[in-house]
Amino acid sequence: MFLFSFQAWGKRNSGVMNKLFDPSLCDNSQLKEIKRCIEIGLLCTQKKLTDRPTMPDVLQMLQGTKKVPTPKQPGYIKRVREAERYKQV
């Protein structure tokens with residue numbers, strides 16, 4: 001799960017989230033659902049508890065009755081990048 005969420009954040013920021021899956025296997029409505037689920041998953045991995053959605057919020061976002069806010073960069077991304085820089089020294 002960690003590796004997928006790490007890749008998802010990178011692809012999301014690069015604007016190529018569809019590279020995480022094969023878009024030829026889905027229609028447009030399914031692609032929107034997949035992207036929504038990835039965004040919600042990124043929200044659920046936020047470092048601060050207050051930045052994470054509650055379960056009722058998650059359900060509403062999955063149902064499309066609540067707007068999915070833009071996730072912040074997850075804390076683990078920064079820690080991984082710092083560790084990679086440390087290894088290079």
The reported gap from NZ in Lys47 to NZ in Lys72 (rounded to nearest 0.5 angstrom) is 12.5 Å

Separation between CD (Gln46) and CD (Gln73), nearest 0.5 Å, reads 9.5 Å

Please walk me through it: do Arg36 and Glu33 pass salt bridge (Lys or Arg N to Asp or Glu O under 4.0 Å)? CA-CA 5 Å; Arg36 181 184 310 175; Glu33 289 295 316; 3.7 Å; yes

d(Asp51 CG, Leu49 CG) to nearest 0.5 Å is 9.0 Å

Common cluster, Trp9/Ile34, ILVMFWY with side-chain heavy-atom separation under 4.5 Å: yes

Checklist line | Donor-acceptor pair, side chain of Gln60 and main chain of Asp57, under 3.5 angstrom | finding: no

Output for pair (Arg52 CZ, Ile40 CD1), nearest 0.5 Å, gives 16.0 Å

Taking every heavy atom of Cys37 against every heavy atom of Leu62, the minimum-distance pair comes out as SG-CD2, 3.9 Å

Distance col, row Leu42:CG vs Thr70:OG1, nearest 0.5 angstrom, shows 11.0 Å

Note: Val58 and Cys44 closest approach over all heavy atoms is CG2-SG, 4.0 Å

If we only count heavy atoms from C-beta on, is the Met17 to Glu39 side-chain gap below 4.5 Å? yes

Taken to the nearest 0.5 Å, the spacing of Arg12 CZ from Ile38 CD1 works out to 10.5 Å

